[in-house]
Amino acid sequence: MNSRMNPAPNSLYLADTHELSNLSTELCDYNMYTQDAALREAVQREGGQWAEGELSEFGQMTGSADYLELGNLANKFQPEFDTHDRFGNRVDLVKFHPSYHQLMKTSIEHGLHASPWTAPRAGAHVARAAKSFLHGQVEAGHGCPITMTFAAVPALRLQSDLASVWEPKVTARVYDPRNVPAEQKKGVTIGMAMTEKQGGSDVRTNSTRAYPVGTGGPGQAYELVGHKYFVSAPMCDAFLVLAQAPGGLSCFLLPRWRPDGSKNPMQVLRLKKKMGNASNASSETELRGALAWMVGEEGRGVRNIIEMVSMTRFDCMIGSSAGMRMAASQALHHCSVRSAFGQVLNQQPLMQNVLADLALESEAATTLTMRMARAMDNRFEEQEDLLVRLVTAVGKYWICKRTPNHAYEAMECIGGSGVMEDSMMPRLYREAPVNTIWEGSGNVQCLDVLRALSKTPAVVDAFFAEVNQARGAQALLDRHIAALATDLKDLADFEYRARDVVDRMALALQASLLVRHAPAFVSDAFCESRLGQVGQHNYGTLPRGVDAGAIIARATPRIARA
Ligand SMILES: Cc1cc2nc3c(=O)[nH]c(=O)nc-3n(C[C@H](O)[C@H](O)[C@H](O)COP(=O)(O)OP(=O)(O)OC[C@H]3O[C@@H](n4cnc5c(N)ncnc54)[C@H](O)[C@@H]3O)c2cc1C
């Protein structure tokens, strides 16, 4: 008999190879809301205090292991696409994993797609932003159709006859993923299709043509012929689309199905092969005489759809802030458990510098985002409306652009296990650049800031009225604001300098908010590292004197069972 196949009782063949020690644990089963001091304080400060109870309940759910797993599953089992059913009928059907549908259902049942429209009140945008921020930490991809549905409402309202039919379904807290006409549904979702092959930033080059079916004009039916090269969430029930009408580029509402129950010929050619954002299907389409109704005035398409785009840009701020919070939480948690060279990582000075810096960036992003949520709630005040006009571009540019490197640094804090696909970090890392590119890439945001400064000079006063509220409290910030005031007086060659100036505007906004509202150990560290140091700021380069331990303690989420 072969002795290797029948080892003796004490054989080394069965021996334990090693003892387990110093292993990290999953960050789960914690209250994502109550364990986030920066978010909680912002909600209370910016007018959402009435939502504390529901946010705490929501945060308990989003931080639970089972719920976090939905995010993993929705990305692991990616959407699949069929053009036709097996009998030959055109269906344009994308099939998703049940976890994706669960994330959509929760979002819609909690009003992430509509609550400020259906229940407007002081703090409605703040409460919705906080919930989106929590849900975005679980999974980002499904946020795309939720955001587009949310953002479609102001644009739809430009056409009251269409809005009266569609808005009740768009805002209903009913998720119905069936591939059937909107007429058969109580709740619908809305997508957005502007980008064509020849240009996404410059949508005025759109070549899709719109032919009036009858008289033409606002609210009237047209047939659209052309293509749309990026159509995310193609299972949406309708899309806001730009096309060239006889009177110029116009906005249209294009349903997936025609009212007679036939398939509207916006045909999906294939799904995009994306490096991130995997749970969200993005498609390439052709429009072969697709029925659509004109929204708003003919020839005013860009202006009309921009109502939608400014909302989606704000949601990019929320999404990237959420990504940074989750990345920081993952790193902070891991380093509170893991030791190296005989000491827990978060007790070691150099790691403390990195962790505190990641936490500062995350808090600054959360704080600016929530401040803008309050501005959204108060657009009837001129000052707040001007801030929305200017700071959605500044904030979208800055926060989204700070996220990819932040994700990578957080991954490095975790070490090798942070690189593994069964960790959340690769997903956060691959997701991070997407927000910077869609809804107007970085340069386009900077050019939009220039447009606002030139066409609506009152935004400059609104900006300084906001940042000057911290004047006199922090010498570095005072100097920073004074330098900006000089730069903004002179818009010559601004286009060339725009990134530099917009960077500094974003820092002024974040620093001003932190000086006014955050503990001094946070705001001083932020100002000294971002305003006081010369050269490009790399994470982990906080200067001497910063209380890194206090920043880490403030930001580290605590797991109740630990
Ligand atoms: C995952 C994903 C999903 C998407 N989903 C949708 C969707 O659902 N609907 C939709 O309509 N679109 C969608 N898009 C498209 C997206 O909005 C565009 O990719 C984006 O607007 C940029 O357009 P583009 O790709 O044509 O790049 P371009 O317009 O060619 O721009 C390329 C680069 O040039 C820069 N640039 C442009 N103009 C200037 C200038 N004047 N000065 C300096 N720099 C400039 C831009 O900032 C960008 O960095 C999606 C994109 C991605 C990645």
Side-chain angles (χ1 to χ4, degrees), residues 75 78-79 94 140-152 155 189-208 224 226-243 249 251-254 256 266 268-287 301-302 304-306 308-313 315-316 319-320 323 393 396-398 400-401 403-404 427 430-451 493-500 502:
N75 284 273
Q78 296 180 12
V94 183
H142 82 285
C144 173
I146 295 297
T147 283
M148 292 193 293
T149 303
F150 166 68
T189 51
I190 306 285
M192 176 174 69
M194 298 187 291
T195 307
E196 296 185 1
K197 289 175 187 170
Q198 70 281 358
S201 305
D202 185 3
V203 292
R204 286 166 304 183
T205 63
N206 271 195
S207 63
T208 296
L224 271 50
H227 76 285
K228 294 291 165 186
Y229 197 47
F230 279 89
V231 181
S232 287
M235 293 309 291
C236 285
D237 297 283
F239 303 85
L240 283 167
V241 176
L242 287 180
L249 192 63
C251 180
F252 295 88
L253 181 71
L254 185 153
R256 251 176 86 68
M266 178 167 103
V268 177
L269 303 179
R270 62 169 182 164
L271 296 188
K272 295 279 194 190
K273 300 168 188 165
K274 296 179 289 183
M275 58 87 77
N277 198 246
S279 68
N280 177 34
S282 299
S283 66
E284 295 170 8
T285 67
E286 284 179 354
L287 288 72
V302 175
N304 294 347
I305 213 164
I306 218 77
M308 180 175 190
V309 172
S310 72
M311 288 288 154
T312 55
R313 287 178 180 175
D315 272 16
C316 287
S320 289
K396 197 273 186 188
Y397 163 74
W398 176 251
C400 298
K401 201 159 276 303
T403 309
R427 175 150 58 93
R430 282 199 293 260
E431 191 69 39
V434 176
N435 271 345
T436 69
I437 293 170
W438 65 14
E439 306 308 325
S441 312
N443 287 355
V444 169
Q445 298 306 315
C446 292
L447 294 174
D448 196 38
V449 171
L450 174 59
R451 197 169 306 116
D493 73 1
F494 185 93
E495 196 169 324
Y496 181 73
R497 296 182 290 126
R499 281 197 182 211
D500 173 53
V502 178

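Numbers for residues simply follow the sequence, beginning at 1. When a ligand or atom number is given, it counts from 1 through the structure's own listing order.
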- request: Apply side chain to side chain contact (heavy atoms under 4.5 Å, CB included) to the pair M266 and V231, showing each step before the final yes or no.
  value: CA-CA 10 Å; M266 178 167 103; V231 181; 4.0 Å; yes
Output yes when the distance from some N or O of ligand 1 to some N or O of [X] is under 3.5 Å, and no in every other case.
X: G440; result: no
X: G200; result: yes
X: F230; result: yes
X: D202; result: no
X: M192; result: yes

Taking side chain as C-beta onward, heavy atoms only, is [X] less than 4.5 Å from [Y]?
X: M192; Y: E439; value: yes
X: P145; Y: N280; value: yes
X: P234; Y: V94; value: yes

Can you sort out which atoms of ligand 1 are near [X], meaning under 4.0 Å from one of its heavy atoms?
X: M194; answer: 10 (C), 11 (O)
X: A193; answer: 11 (O)
X: V444; answer: 47 (O)
X: L447; answer: 40 (C), 41 (N), 42 (N)
X: I437; answer: 20 (C)

Nearest protein heavy atom under 4.0 Å from [atom], yes or no:
atom: atom 7 (C) of ligand 1; result: yes
atom: atom 26 (O) of ligand 1; result: yes
atom: atom 33 (C) of ligand 1; result: no
atom: atom 49 (O) of ligand 1; result: yes

Could you tell me the residue and atom name of the protein heavy atom closest to [atom], and the distance to it rounded to 0.1 Å?
atom: atom 15 (C) of ligand 1; result: T195 OG1, 3.2 Å
atom: atom 2 (C) of ligand 1; result: W438 CE3, 3.4 Å
atom: atom 47 (O) of ligand 1; result: S441 CB, 3.1 Å
atom: atom 44 (N) of ligand 1; result: N443 ND2, 3.0 Å

- prompt: Tell me, which pairs form a salt bridge (charged side-chain N to carboxylate O under 4.0 Å, His left out) where one or both residues lie in residues 190-200, sequence neighbours left out?
  reply: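 Non-adjacent pairs meeting salt bridge (charged side-chain N to carboxylate O under 4.0 Å, His left out): E196-K228.
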query: Is a donor on one side and an acceptor on the other found under 3.5 Å between the side chain of Q445 and the backbone of G442?
result: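 No, Q445 side chain to G442 backbone: no donor-acceptor pair under 3.5 Å.
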- prompt: Within the distance-only criterion (no hydrogens, no angle test), does the side chain of T149 pair as donor or acceptor with the backbone N or O of I190 below 3.5 angstrom?
  reply: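 Side chain of T149 to backbone of I190: a pair is present.
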task: May I ask you to identify, for N280, whether its side chain, its backbone, both or neither come under 4.0 Å of ligand 1 on a heavy-atom basis?
output: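 No part of N280 is near ligand 1 at this cut-off.
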query: Where's the contact between K274 and ligand 1, heavy-atom distance under 4.0 Å: side chain, backbone, both or neither?
result: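 Contact part for K274 vs ligand 1: side chain (C-beta onward).
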- prompt: What's the spacing between N304 CG and L242 CG if we round to 0.5 Å?
  reply: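 With rounding to 0.5 Å, CG (N304) is 9.0 Å from CG (L242).
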Reported OG1-to-CZ distance for the pair T312 and F150, which is rounded to 0.5 angstrom: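 Atom-to-atom, T312:OG1 and F150:CZ are 10.0 Å apart.
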task: Please check if atom CD in Q198 has more than 12 non-hydrogen atoms from other residues, nucleotides or ligands closer than 6.0 Å.
output: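 Above 12, so yes.
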field: Candidate with minimal heavy-atom separation from atom 29 (O) of ligand 1, of S201, A233, S232
entry: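 It is S201 whose heavy atom sits nearest to atom 29 (O) of ligand 1.
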message: Whether the K272 and S283 side chains hold a donor-acceptor pair (N or O, under 3.5 Å, no angle test) is what I'd like checked.
response: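 The answer is no; no qualifying pair exists.
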- prompt: Between R430 and N277, does any side-chain donor sit less than 3.5 Å from a side-chain acceptor?
  reply: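 The answer is no; no qualifying pair exists.
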message: Quick check: closest heavy atoms across C446 and A498, and the distance to 0.1 Å?
response: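 C446 and A498 have their closest heavy atoms at CB-CB, 3.7 Å.
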For the student: nearest non-hydrogen atoms of S232 and W438, plus distance: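 For S232 and W438, the tightest heavy-atom pair comes out as OG-CZ3, 4.3 Å.
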query: Does ligand 1 have an atom that lies less than 4.0 angstrom from a heavy atom of G191?
result: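 No, G191 has no heavy atoms under 4.0 Å from ligand 1.
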message: Looking at ligand 1, is there an atom of it that comes within less than 4.0 Å of some heavy atom belonging to E439?
response: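 Yes.
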